[in-house]
2 protein chains.
Amino acid sequence: MKAKSPLYQQVAHKMRMFIESGTWAPGEAIPTEAQLVEEFSVSRVTVRQAVKLLQEEGLLWKRQGSGTYVQSEKIEHNMYELKSFTEDMKREGKEVTNKVLTFTLQPPSEKVREALELEDGELVFYVRRQRFADGEPLIVEDTYLPLKLFPDLTYEVMSQSKYAYIEDVKQFKIADSVQEFIPVLPTKEIAEMLGVSERTPVLKVELYSFLMDGSRFEFTETYFKSEEYRFIIRAGRRH
Amino acid sequence: MKAKSPLYQQVAHKMRMFIESGTWAPGEAIPTEAQLVEEFSVSRVTVRQAVKLLQEEGLLWKRQGSGTYVQSEKIEHNMYELKSFTEDMKREGKEVTNKVLTFTLQPPSEKVREALELEDGELVFYVRRQRFADGEPLIVEDTYLPLKLFPDLTYEVMSQSKYAYIEDVKQFKIADSVQEFIPVLPTKEIAEMLGVSERTPVLKVELYSFLMDGSRFEFTETYFKSEEYRFIIRAGRRH
DNA sequence: CAGTGGTCTAGACCACTCA
DNA sequence: GAGTGGTCTAGACCACTGG
């Protein structure tokens with residue numbers, strides 16, 4: 001299992017440990033690139049690749065001529081990282097449970113057909129799930145998965161982690177996803193499932209995801225109880 | 001003006017031109033890295049830096065062993081790039097106008113004081129603006145700017161582009177910003193200014209921004225008419 | 001002006017895709 | 001198996017920060 005990931009990822013991992021353990025304190029400068037080259041016995045390019053990774057994760061920031069520093073503010077749910085709800089909650093030490101409310105094989109709506117670039121006649125699984133963190137409902141999720149890619153999909157699988165199934169069982173490699181953020185008032189049904197009033201706006205996220213080979217494997221509409229689940233990104237300015 | 005930007009940015013710029021002009025068509029593969037090295041007479045590392053840039057802008061995607069391709073879907077408002085409303089609309093060929101509704105110097109609220117890390121007694125400018133694209137109201141924005149950083153701020157400036165003032169006039173270097181996305185129902189006042197019903201949810205974005213030296217220079221709450229202004233990101237999965 | 005991160009090069013080998 | 005992008009090295013010079 002401990003196979004061989006690229007060097008720069010191994011270095012990034014070690015650095016992440018230093019940060020999480022507090023060896024490198026928030027707001028403080030980490031060792032210089034030259035020192036890191038020494039410490040990890042890798043080239044400078046590799047060190048910089050590792051730092052770039054942690055920078056994109058929001059853990060580090062750099063200041064030319066001065067040094068590299070540990071970010072002092074942490075981001076709750078970094079939208080720029082495509083993480084599953086399960087992973088996200090585990091990181092916060094919360095337990096995720098799922099309640100599958102609908103599980104049907106059906107013809108796609110026009111919207112779904114387009115989003116997944118389906119051929120005529122292809123069917124999709126439609127799965128509606130209510131998702132809980134430590135027993136509290138935070139999310140209602142409508143997912144559409146092409147039958148062609150997931151002929152073995154089961155109710156059981158969707159009661160667990162969807163991404164774990166796709167990556168670990170199916171061995172698909174997820175590349176990225178396009179997500180749109182839309183504020184909406186929940187329908188009565190969704191409001192009830194989230195435990196909020198119908199007059200409380202919720203955040204709807206529409207996303208379709210890509211595999212490494214460019215094919216689309218899911219279309220999902222997610223409703224977040226936004227009082228309890230904050231969406232934050234750190235966006236850089238280009239010059 | 002044409003001074004000397006880093007080589008990889010010049011290369012990225014040329015490549016961006018090829019994409020925008022359609023010389024490299026959407027969905028098609030661009031030349032291989034080896035060919036680009038030839039074409040632009042730079043090292044491979046530099047080519048890869050340029051490609052990385054365009055990849056982060058959502059213009060390209062790569063597939064190991066196969067090639068690098070032009071993205072076929074375009075993103076309307078890439079949240080991961082910190083762009084000003086003015087820049088964003090100009091790119092779409094729309095004309096931006098601003099109506100400054102409030103312009104006062106005042107003591108900060110506790111929330112603003114914390115977000116901007118102000119000392120006791122420091123004052124901030126509070127500016128409320130209504131912002132239009134081709135005459136249509138799309139945004140209401142409440143901005144808080146520290147007096148200490150902008151002692152020369154004028155009503156006139158805020159009628160134009162805030163970021164142009166900060167970068168071109170003040171010569172400050174903007175690094176990045178932390179943004180939170182919150183669905184809300186607009187107050188009566190804001191609903192009116194956006195030309196929507198009070199029962200239409202709008203997207204509120206709270207952000208604070210950083211300069212290159214790590215200092216915070218603005219806290220802003222923005223209300224978007226979300227029917228007309230779509231928020232989309234492309235998020236990558238880490239492995 | 002010493003030290004930091006930013007950029008750049010030439011060359012090498014590896015992992016993957018695809019005919 | 002030829003060709004692609006992915007990783008890695010050693011070494012160099014530049015631009016900026018800060019005492």
Side-chain angles (χ1 to χ4, degrees), chain A residues 3-15 24 28-56 60-71 171-173 175-176 210-215 236-239, chain B residues 3-15 24 28-56 60-71 171-176 211-215 236-239:
Chain A
K4 42 172 191 295
S5 64
L7 240 192
Y8 74 97
Q9 286 174 22
Q10 295 175 34
V11 171
H13 181 254
K14 287 176 190 166
M15 292 175 65
W24 293 345
E28 298 293 300
I30 70 171
T32 69
E33 293 183 349
Q35 290 171 325
L36 294 171
V37 164
E38 272 289 311
E39 170 130 15
F40 298 116
S41 304
V42 297
S43 76
R44 189 170 162 223
V45 173
T46 304
V47 163
R48 287 176 61 77
Q49 260 179 302
V51 169
K52 185 90 197 298
L53 249 189
L54 299 182
Q55 214 181 328
E56 286 170 358
L60 295 177
W61 67 281
K62 304 207 269 191
R63 190 173 169 195
Q64 181 171 165
S66 173
T68 302
Y69 303 82
V70 180
Q71 281 285 163
Q171 293 279 310
F172 288 162
K173 290 178 190 164
D176 55 15
F210 297 84
L211 296 177
M212 286 294 185
D213 66 3
S215 64
R237 178 138 176 96
R238 309 196 183 288
H239 293 98
Chain B
K4 41 171 192 291
S5 64
L7 240 189
Y8 74 95
Q9 286 174 23
Q10 296 175 33
V11 171
H13 181 254
K14 287 176 191 167
M15 293 176 66
W24 293 346
E28 299 293 300
I30 70 171
T32 68
E33 294 183 349
Q35 290 169 327
L36 294 172
V37 164
E38 272 291 312
E39 169 129 14
F40 299 117
S41 303
V42 297
S43 77
R44 189 169 165 225
V45 173
T46 305
V47 163
R48 287 175 61 77
Q49 259 180 304
V51 169
K52 185 91 197 296
L53 248 189
L54 299 181
Q55 214 180 330
E56 285 170 359
L60 296 175
W61 68 283
K62 305 207 268 192
R63 190 173 168 196
Q64 182 170 162
S66 174
T68 303
Y69 303 83
V70 180
Q71 282 287 11
Q171 295 279 308
F172 288 161
K173 291 177 189 163
I174 301 174
D176 54 14
L211 297 176
M212 286 294 184
D213 67 3
S215 65
R237 177 138 177 96
R238 309 195 182 287
H239 294 98

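Below, all heavy atoms of this structure are taken into account, side chains as well, without hydrogens, waters or symmetry copies. No experiment lies behind these values; they were computed from the predicted model shown. In what follows, chains carry the letters A, B, and so on, assigned in the order in which the sequence lines appear, proteins first and then strands, with residues in each chain numbered from 1.
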Check your understanding: In whole angstroms, how far is the C1' atom of dG5(C) from the NZ atom of Lys173(B)?
Key -> 14 Å
Review point. For Val42(A) and Val47(A), which heavy atoms make the closest approach, and how far apart are they?
Key: CG2-CG2, 3.6 Å
Check your understanding: Can you tell me if the side-chain N/O atoms of Thr46(B) get under 4.0 Å from OP1 or OP2 in dT9(C)?
Key -> yes
Point to revise | OP1 or OP2 of dT4(D) under 4.0 Å from side-chain N/O of Lys62(B) | key: no
**Study point:** Rounded interatomic separation in angstrom, taking CD from Gln9(B) and C1' from dT7(C)
**Key:** 10 Å
Practice item. Map Ser41(A) and Glu33(B) onto DNA chain D by nearest heavy atom, then report which one ends up closer to the 5' terminus. Key: Glu33(B)
Practice item. Answer yes if the side chains of Ser66(A) and Tyr69(A) hold a donor-acceptor pair under 3.5 Å, and no otherwise. Key: yes
Check your understanding: Where do Leu53(B) and Ala12(B) come nearest, in terms of heavy atoms and distance?
Key -> CD1-CB, 4.0 Å
**Study point:** Rounded distance (Å) that lies between atom P of dT4(C) and atom OH of Tyr69(A)
**Key:** 11 Å
Review point. Below 4.0 angstrom from OP1 or OP2 of dT9(C), is there any side-chain N or O of Ser43(B)?
Key: yes
Revision key, fill the gap. Leu211(A) CG to dT17(C) P, in whole Å, measures 12 Å
Practice item. Check whether any side-chain N or O of Ser66(A) sits under 4.0 Å from OP1 or OP2 of dG5(C), and answer yes or no. Key: no
Review point. Starting at the 5' end of DNA chain D, which residue's closest nucleotide do you reach first, Gln64(A) or Gly67(B)?
Key: Gly67(B)
Check your understanding: Hey, does Arg63(B) reach any base, or is it just sugar-phosphate, or nothing, if we go heavy atoms under 4.0 Å?
Key -> sugar-phosphate
Practice item. Specify the separation, in whole Å, of atom CG of Asp213(B) and atom C1' of dT4(C). Key: 16 Å
Check your understanding: Would you say dG6(D) has OP1 or OP2 under 4.0 Å from some side-chain N or O of Arg48(B)?
Key -> yes
Check your understanding: If you round to the nearest 0.5 Å, how far is OG1 of Thr32(A) from CD of Gln35(A)?
Key -> 3.5 Å
Review point. Tell me: CG of Leu7(B) to P of dA10(C), nearest whole Å?
Key: 11 Å
Practice item. Give the rounded distance in Å between these two atoms: CG of Leu53(B) and P of dG6(C). Key: 14 Å
Exercise for review: Classify the side chain of Arg44(B) and the base of dT7(D) as holding, or not holding, a donor-acceptor pair under 3.5 Å.
Suggested key: yes
Exercise for review: Before accepting this row, confirm whether a basic side-chain N of the pair Glu33(A)/Lys52(A) lies closer than 4.0 Å to the acidic partner's carboxylate O.
Suggested key: no
Revision key, fill the gap. Thr32(A) has its side chain closest, among dC8(C), dG6(D), dT4(C), to dT4(C)
Exercise for review: Figure out the CD/C1' separation between Glu38(A) and dT4(C), and round it to whole Å.
Suggested key: 16 Å
